[in-house]
Trainee: 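Below is a structure I'd like to ask you about.
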Amino acid sequence: MGKQITLLFFMLLGICATAQTINVKGIVKDAVSGEVLPGVSILIKGTVKGTETDFDGVYTLSNLEKGATLVFRYLGYKQQEVIAINGTLNVSLEYSAEALDEIIVVGYGSQKRKDVTGSVSIVGAETLEALKPIDATTALQGTTAGVAVNLSSGAPGAKANILIRGVSSNTNNQPLTIVDGYEGDLNSINPNDIESITVLKDAQAAIYGIKGANGVILVTTKIGKKNKAPTVKYDTYSAIQQTTRKLDYLNATEYALVLNEAYGASGQTLPFTNVSQLGVGSDFQEELFNDAFLMNHNISVSGGGENSRYFISASRTQQDGIIAKETSNFIRNNIKLNLGVDISDKLNFSLIANYFTTASEGFSGSVLFNGLNYAPTFGLEEDDENNFLGIELINPLNQLKNTYNENNGSGLEGNFKLVYKPIEGLAITSRLGYKIYNEKGRTFTPIQNYGISKVYNIPQSSVYQFKATSTRVVFETFANYSKTFAEDHNTTFTLGTSVQNDLFDGIYASGINVPNNSYDFAQLNLTDPQNEQRSLNSGFADKRLTSFFGRIQYDYQGKYLFSGLLRRDGSSAFIKEFRFDQFWALTTGWKISEENFLKDNETISFLKLRAS
């Protein structure tokens, strides 16, 4: 029975691998007016691939699997899913008043989506469910205009580089990430725990001062609902990952003929005199790439009582590399707690905690370089001992056998929050955010000899180990007061302060001459204590940031919008004369569709002009 199931599994894989692909093109329009919609996000469900409609509402997707589901999303319209069967797929989106009335987080407060005067993008739970990303960062890829996401490397679990509206600095261009009010990272949280992601791309980010210079990503995670029985949810998925493209290389016979012709044309002795006996030779590209297994398990419990809400989850993600999965892999475990309690009618307490562990193995990027350039005339385990290929190329498979690199991390992050509402319209919030992250790694480099004078030769074995601890504590207190004057003048005032302390402590050491040239003995205390190349270094940092901020949001009759904000930051990273600075922003908006001349217009359902 087991053999039959295994056979069926591989047959299904074979069917999937040969699935028919099509090129899809279409136009996206408003279902009522028939007007084209530019900037509509189109996502291939279950992937991070997608596109956007151009100024004429036209989109194109190439090499799309026939029968794939496309998800269409646009601000103010209902999300729509359509199955791609043929090459032409035109879609009409329906207006959604509920989408515009949705409350979104904008930093130290919230607003109705239709009242936001800055540039904001939203990634909702539906999109995250469709994508099923390994890293929450990839959920921003292709779904948010003006945001570019690029992986730092192709290794499993590699961090992503996020650019919001291009490069803004010649040093660090990463945006600030706020998870439920505390500073966190997208790659340390379980994507299944996320309710929504809001991206602040322009002047709205100024409320975070110097930290928000590269934009701000606000993450809201899930929590249970009051007076709801416990709901248990378990989901799992698995996948096979493959390289999207392989290069078409010469086999051993073809390679030998080309080199013989080149050598002969220059009057040199032919390097291969036995061409007919070479056959196809070795395919190092094929040997390096493999099918990589991906698995995710997630379980959660949520619910609430009359005065409480809770959400508890646990997950495990495991990803192998598409190159050398034995030495390239990533594992992440998460345990999440989100608890809210109404102490009284005016006082609420909440606790958020996310514990996570990571483990990864990797290799040098030169492995792929060697794999794509090593001659097919060599055997799979044969070294270029006579430098036929020069001193900078070696057998990639032998290089992998000498690769030992592991990294482990664990962290705890979250916050404690109290919200007090003494009078109608006033909410005073105090919260203490924290993040503690411990990381350690070990790299073993054995004695290696790939041929005469090869640059990869290592005459002495060595081991490198490090251990580091990062701690961040942020205490914030701020108040939001909303009041309507004379029926038409709606205002919201925000005033607050923030204090942050970042600590870092690390130690780095290396040792020479590992006993038996073996990874089993690759520990610093076993290396040669007298060797002068032995090293020991340490690092320590203590940075502090003090801030004061305020904001006013005003609208007249819900049509004319204005927002002004100011933040003053003081950082210990600078000398006294340049320690403090101010950051301010102004944003305005005009909801033209609320004017009498457009209010009952059947063609234009919502139109807003904004500037910042």
Side-chain angles (χ1 to χ4, degrees), residues 46-48 123 125 128-129 131-141 149-162 174 177 179-180 182-195 197 217 219-222 233-241 292-301 311-338 352-363 405-414 434-442 466-470 472:
T47 74
V48 295
V123 178
L128 292 164
E129 180 65 26
L131 288 174
K132 294 189 180 300
I134 296 298
D135 186 328
T137 306
T138 56
L140 301 174
Q141 198 169 24
V149 179
N150 298 295
L151 290 176
S152 57
S153 76
K159 290 187 177 181
N161 296 317
I162 305 174
Q174 293 298 297
T177 300
V179 183
D180 292 324
Y182 68 87
E183 288 191 35
D185 292 296
L186 286 175
N187 63 339
S188 65
I189 56 179
N190 176 17
N192 291 283
D193 294 340
I194 298 176
E195 183 69 34
I197 301 175
I217 298 174
V219 180
T220 303
T221 60
K222 297 175 182 176
K233 181 181 178 181
Y234 172 75
D235 62 79
T236 182
Y237 66 87
S238 59
I240 300 295
Q241 295 180 306
F293 189 64
L294 171 64
M295 173 69 77
N296 178 269
H297 297 279
N298 185 74
I299 186 170
S300 64
V301 181
F311 177 86
I312 305 171
S313 72
S315 68
R316 179 179 176 87
T317 300
Q318 184 171 346
Q319 182 184 20
D320 292 334
I322 60 173
I323 297 178
K325 58 185 178 183
E326 294 82 8
T327 55
S328 176
N329 48 70
F330 173 77
I331 297 174
R332 184 185 65 229
N333 299 300
N334 283 84
I335 298 177
K336 176 68 182 291
L337 170 64
N338 199 341
I352 297 172
N354 176 46
Y355 175 73
F356 62 95
T357 65
T358 60
S360 62
E361 291 183 299
F363 57 83
N405 186 10
E406 64 178 23
N407 190 284
N408 296 278
S410 63
L412 178 65
E413 58 187 9
Y434 61 90
K435 181 173 183 177
I436 304 168
Y437 183 63
N438 297 298
E439 185 180 16
K440 63 179 181 178
R442 179 170 62 142
F466 76 90
K467 189 174 183 180
T469 299
S470 301
R472 171 178 293 151

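Just so you know, these numbers use all the heavy atoms, side chains as well, and skip hydrogens, waters and symmetry mates. For clarity, every value in this text was computed on a predicted model and none was experimentally measured. Start at 1 with the first residue, then count along the sequence.
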Trainee: How far does OG of Ser360 sit from CD of Gln319, to the nearest 0.5 angstrom?
Mentor: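 Reported to 0.5 Å precision, the distance equals 11.0 Å.
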Trainee: Kindly compute the distance separating CZ (Arg316) from CE (Met295), expressed to the nearest 0.5 Å.
Mentor: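 The distance works out to 10.5 Å.
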Trainee: Show your reasoning for whether side chain to side chain contact (heavy atoms under 4.5 Å, CB included) applies to Phe330 and Asn407.
Mentor: CA-CA 10 Å; Phe330 173 77; Asn407 190 284; over 6 Å; no
Trainee: For Lys440, is the NZ atom crowded, meaning more than 12 foreign heavy atoms sit under 6.0 Å from it?
Mentor: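 Check fails, neighbour count at 12 or below.
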Trainee: Do His297 and Tyr234 meet the criterion of a side-chain donor-acceptor pair at a distance under 3.5 Å?
Mentor: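 Tyr234 and His297 do have a side-chain donor-acceptor pair below 3.5 Å.
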Trainee: Who passes ring pair (Phe, Tyr, Trp, His ring centres under 6.0 Å) against Phe466, sequence neighbours left out?
Mentor: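 Listed in chain order: nothing, the list is empty.
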Trainee: Asn354: what forms a side-chain hydrogen bond (donor to acceptor under 3.5 Å, both in side chains) with it, not counting sequence neighbours?
Mentor: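 Listed in chain order: Asn334, Glu413.
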Trainee: If I compare all heavy atoms of Pro133 with all of Tyr237, which pair ends up nearest, and what's the gap?
Mentor: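 Nearest pair, atom of Pro133 first, then Tyr237: O-OH, 4.1 Å.
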Trainee: Supply the atom-to-atom distance Glu439 CD to Asn408 CG, rounded to the nearest 0.5 angstrom.
Mentor: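 The CG atom of Asn408 is 9.0 Å from CD of Glu439, to the nearest 0.5 Å.
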Trainee: If you look at every heavy atom in Pro191 and Ala136, which pair is closest and at what distance?
Mentor: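 Scanning both residues completely, I find the closest heavy atoms to be CG-N, 3.8 Å.
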Trainee: On a heavy-atom basis, which atom in Tyr355 and which in Ser410 lie closest, and how many Å separate them?
Mentor: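 The pair with the smallest heavy-atom distance is OH-CB, 4.1 Å.
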Trainee: Please round to the nearest 0.5 Å and tell me the distance separating atom CG of Asp235 and atom OG of Ser300.
Mentor: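 If I round to the nearest 0.5 Å, the distance is 7.5 Å.
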Trainee: Of Asn192, Asp193, Thr221, Asn190, which meets side-chain hydrogen bond (donor to acceptor under 3.5 Å, both in side chains) against Lys336?
Mentor: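 When Asn192, Asp193, Thr221, Asn190 are each tested with Lys336, the side-chain hydrogen bond (donor to acceptor under 3.5 Å, both in side chains) holds only for Thr221.
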Trainee: Indicate yes or no for a side-chain donor-acceptor contact from Asn338 to the backbone of Lys222 under 3.5 Å, with no hydrogens or angles considered.
Mentor: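 Side chain of Asn338 to backbone of Lys222: a pair is present.
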Trainee: Ile240 and Leu294: side chain to side chain contact (heavy atoms under 4.5 Å, CB included), yes or no, with the steps?
Mentor: CA-CA 6 Å; Ile240 300 295; Leu294 171 64; over 6 Å; no
Trainee: Is any side-chain heavy atom of Thr358 closer than 4.5 Å to a side-chain heavy atom of Tyr437?
Mentor: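 The answer is yes; the side chains approach within 4.5 Å.
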Trainee: Applying the side-chain contact (heavy atoms from CB on, under 4.5 Å) test to Thr177, which of Leu186, Asp185, Ile162 qualifies?
Mentor: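 With Thr177 as partner, Leu186, Asp185, Ile162 yield a single side-chain contact (heavy atoms from CB on, under 4.5 Å), made by Leu186.
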Trainee: Assess the residue pair Gln318 and Asn329 against the criterion (side chain to side chain contact (heavy atoms under 4.5 Å, CB included)); give the C-alpha distance rounded to whole Å, side-chain angles, the decisive distance to 0.1 Å, and a yes or no.
Mentor: CA-CA 8 Å; Gln318 184 171 346; Asn329 48 70; over 6 Å; no
Trainee: Please test Arg472 against Glu183 for salt bridge (Lys or Arg N to Asp or Glu O under 4.0 Å), starting from the C-alpha separation and ending with a verdict.
Mentor: CA-CA 9 Å; Arg472 171 178 293 151; Glu183 288 191 35; 3.4 Å; yes
Trainee: Determine yes or no for a side-chain-to-main-chain donor-acceptor pair under 3.5 angstrom, with Thr236 supplying the side chain and Asn296 the backbone.
Mentor: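 Present.
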Trainee: Between Phe293 and Ser238, is a side chain to side chain contact (heavy atoms under 4.5 Å, CB included) present by the stated rule, with each step listed?
Mentor: CA-CA 7 Å; Phe293 189 64; Ser238 59; 3.9 Å; yes
Trainee: Nearest 0.5 angstrom please: Ile299 CD1 to Ser313 OG, how far?
Mentor: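 Those atoms lie 10.0 Å apart.
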Trainee: Donor-acceptor pair, distance only, cut-off 3.5 Å: does the side chain of Gln141 make one with the backbone of Val149?
Mentor: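 Checked: pair present.
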Trainee: Measure the CD1-CD1 distance between Ile194 and Ile189 for me, rounded to the nearest 0.5 Å.
Mentor: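 Going from CD1 on Ile194 over to CD1 on Ile189, the span is 4.0 Å.
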Trainee: For a 4.5 angstrom cut-off between non-hydrogen side-chain atoms, does Phe311 reach Leu337?
Mentor: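 The answer is no; the side chains never approach within 4.5 Å.
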Trainee: Does the side chain of Ile217 come within less than 4.5 Å of Leu140's, by heavy atoms?
Mentor: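 In contact.
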